[in-house]
Amino acid sequence: MGVDAGTSNEIEMGISEYADTSRSHLKSATDLPAKNRVSSSTADHSEFKELQGPFTSGPEVTEACLSCHNKAGQQFMKGIHWTWEYKHPVTGQTLGKKNVVNNFCTNARGNEGMCAQCHAGYGWKDEGFDFNDQTKIDCLVCHDSTGSYYRTPNSKGNAACSIMFEGKQPIDWNKVAQSVALPTRSNCGTCHFYGGGGDGVKHGDLDSSLKHPDKALDVHMDAGGLNFSCTECHQGEGHKWSGSRYNMDAKDEEGVGKPGQRRLVATCESCHGHSPHPGNNLKAVKLNGHTDRVACQTCHIPAFARGGVATKTDWDWRTAGKLKNGEGFNLKGYTQGNGEHRAIYKSIKGDFKYGENLTPSYAWFDGVMNYTTIETTFDPKAGPVEINGFNGAYDDEKSRIWPFKKMHATQPYDKGNNTLVYMHLWGEDESAFWGNYDFGKAIKVGMEKNNKPYSGEHGFVDTVSYWPITHMVAPKSEALNCSGCHAKEGRLSELSGFYMPGRDGFGWLDILGYLAVIGALLVVLVHGVIRFVMCKKRVTEHCKAEE
């Protein structure tokens, strides 16, 4: 794996690689400087007697919140941020973080002591968590406006992981309780910017650069312009928000709809309609004609991971477990656009590759994702296993061409049963991989704890996952032009099964098209000449009549 030119290899001894998975980075300010911040609430919560405290824990604050917002708890507990479970209405699959396997840290199941930092609740570390206890809801992770609130793992890892709990300032529970507001980008980004094990790792179009983006990075979230929060598009009711990567609206056929009526939807069309390009000229008409077959994101997000934060493109678990002087280490060898150094190797995770300003992959997509779950069997010799493949085709009227981040990994699997595996990564016991570096033990315990069959023999298999690109919308001046796709080596060169002018050679359709254009121009020219001649003739006749 290459090292950035101008960046020296930095080897960090010990288990300090755990540091970047702590939530110390969550101590960021809110989306705007305090002097520019305007309260989004019609009430000053610092004056409420229920919030005067003293508070010593999150659940105490939640109990006070629910004493006034007496329906919020039941509403929230029905949502995926709480349940981590989703029943797909089309495929019938049971999904959600509680169930799926990914090709980043591989699985949250059984590792809740660490992974549930991004569960909107307090204390989920094992199967004993009470999902019916409303006081365990974390109101502050979404509603804190001070920027001083943070989360820590719900249980300790192995001894070397104590670094995760060092150097944190105690939370001022009274202050954060009295400073609640509507969610900002920083609130949502607490988890969504850092999914997969670090800043920008997973999605590619969601990272910390969106806390204070300029217009060039995202026209909607531009901190000096529209300054949209996430909930401006991901609207909802009763603590249920629109927009899901499990079941997307790949083609919104309703559009804007009646004013104020469309709430549980997060599509470009719900604001911009089906004819978003203004004007009656030929260009506008042609562009509007594309919206039926091409997603808005395809043209208006020409690249992702372009805010100075890199995204991971490849993860190789095979090399995990190397030690130096008997201890794990980091090797930092990639310097991203904002100057931060990123690890290209970690003993606990293996080798990584990164990318910035990346061109998406493109495919026909109807919004339905099909997941390889822990029960799914596959042929490891048949090529990369699709962690989340998707439906879509040229001849499917519900499909459009969409942009994706394609993530590749080499990860453990059960060689005897040909399934993916749950690994026991986080824990204080000797079987936790993030401490003993023993795949055999980690997989055996991970499968047994979750009552899944395991043959006792593991190997490694190539996998790919696909992440639809929907953020980092560029200014219209940076949108793709016609030649970006309509060219032999254009962005859509790998899509097959249909004819595309400019891409598929100079065929008879191109000839007909050019003849039609030339014919139209000739008709306009002849029409103009005739009008000019007739007009001149009328002027001449009028002048003679005057004489």
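Just the heavy atoms: all of them, side chains too, but no hydrogens, waters or symmetry mates, feed the values below. Along the sequence shown, residues are numbered consecutively beginning with 1. If you're wondering where the values come from, they're calculated on a predicted model, not measured in any experiment.
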Which value, rounded to the nearest 0.5 Å, describes the distance between [X] atom [atom1] and [Y] atom [atom2]?
X	Y	atom1	atom2	result
Glu112	Lys125	CD	NZ	12.0 Å
Met423	Trp434	CE	CH2	8.5 Å
Asn388	Thr373	CG	OG1	12.5 Å
Tyr334	Lys312	OH	NZ	12.5 Å
Lys441	Asp429	NZ	CG	10.0 Å
Leu425	Cys105	CG	SG	7.0 Å

When the side chains of residues 68-79 are checked against the rest of the protein, which donor-acceptor pairs come out under 3.5 Å, sequence neighbours left out?
| residue | atom | partner | partner atom | Å |
| --- | --- | --- | --- | --- |
| Gln75 | OE1 | His239 | ND1 | 3.2 |

Using a 4.5 Å cut-off on heavy atoms from C-beta on, say whether the side chain of [Y] contacts that of [X].
X	Y	result
Val368	His88	yes
Pro360	Ile301	no
Glu254	Thr267	no
Thr231	Leu182	no
Val101	Gln411	yes
Thr311	Val309	no
Pro54	Trp173	no
Lys449	Tyr422	no

Looking only at non-hydrogen atoms, find the nearest pair between [X] and [Y] and report the distance.
X	Y	value
Leu140	Tyr122	CD1-OH, 4.2 Å
Phe55	Glu50	CZ-O, 3.5 Å
Val61	Ala177	CG1-CB, 3.7 Å
Ser244	Met248	O-CG, 2.8 Å
Ser208	Tyr194	CB-OH, 3.6 Å
Lys322	Ser347	O-OG, 2.7 Å

| task | Go through Asn187 and Thr190 one step at a time and tell me if the side chain to side chain donor-acceptor pair (under 3.5 Å) criterion holds. | result | CA-CA 5 Å; Asn187 291 116; Thr190 292; 5.3 Å; no
| task | Classify the angle between the aromatic ring planes of Phe329 and Tyr345 as parallel (below 30°), tilted (30 to 60°) or perpendicular (above 60°). | result | tilted
Ring-ring centroid check [X] [Y], cutoff 6.0 Å:
X	Y	result
Phe129	His119	yes
Tyr246	Trp84	no
Phe460	Phe439	yes
Phe404	Phe390	yes

| request: Using the six-membered ring of Phe131, assess whether NZ or CZ of Lys98 lies under 6.0 Å from its centre and within 45 degrees of the ring axis. | output: yes
Look only at the side chain of [X] and the backbone of [Y], and say whether a donor-acceptor pair between them is shorter than 3.5 Å.
X	Y	result
Gln336	Ala310	yes
Ser399	Ala393	yes
Trp317	Phe104	yes
Thr319	Asp351	yes
Asp144	Thr146	yes
Asp205	Thr470	yes
His458	Asp414	no
Asp218	Met221	yes
Asp126	Gly128	yes
Thr62	Lys136	no

| task | Apply the test side chain to side chain contact (heavy atoms under 4.5 Å, CB included) to residues Asp252 and Ser270: give CA-CA distance (whole Å), side-chain angles for both, the deciding distance (0.1 Å), then the verdict. | result | CA-CA 8 Å; Asp252 185 341; Ser270 66; 4.2 Å; yes
| message | side chain to side chain contact (heavy atoms under 4.5 Å, CB included), that's the test. Do Gln297 and Cys268 meet it? Break it down for me. | response | CA-CA 8 Å; Gln297 293 89 334; Cys268 301; 3.9 Å; yes
| query | Please walk me through it: do Thr419 and Glu375 pass side chain to side chain contact (heavy atoms under 4.5 Å, CB included)? | reply | CA-CA 7 Å; Thr419 64; Glu375 287 85 15; over 6 Å; no
| said: I need the single residue from Asn103, Thr463, Thr313, Asp462 that forms a side chain to side chain contact (heavy atoms under 4.5 Å, CB included) with His408. Which is it? | reply: Asp462
| message | As a quick check of understanding, evaluate salt bridge (charged side-chain N to carboxylate O under 4.0 Å, His left out) for Arg151 and Asp138, giving each step before the final call. | response | CA-CA 10 Å; Arg151 301 283 302 274; Asp138 185 352; 3.1 Å; yes
| query | Distance only, no hydrogens: is a donor on one side chain within 3.5 Å (strictly under) of an acceptor on the other, for Asn370 and Asn391? | reply | yes
| task | Assess whether salt bridge (charged side-chain N to carboxylate O under 4.0 Å, His left out) is satisfied between Glu428 and Lys156, documenting all intermediate values. | result | CA-CA 6 Å; Glu428 299 178 70; Lys156 291 185 178 180; over 6 Å; no
| said: Just checking Lys405: does its NZ atom have more than 12 heavy atoms from other residues, nucleotides or ligands closer to it than 6.0 angstrom? | reply: yes
| task | Determine whether more than 12 heavy atoms belonging to other residues, nucleotides or ligands lie under 6.0 Å from atom CD of Glu63. | result | no
| request: Test Asn102 against Ser465 for side chain to side chain contact (heavy atoms under 4.5 Å, CB included), laying out the working first. | output: CA-CA 8 Å; Asn102 60 63; Ser465 61; over 6 Å; no
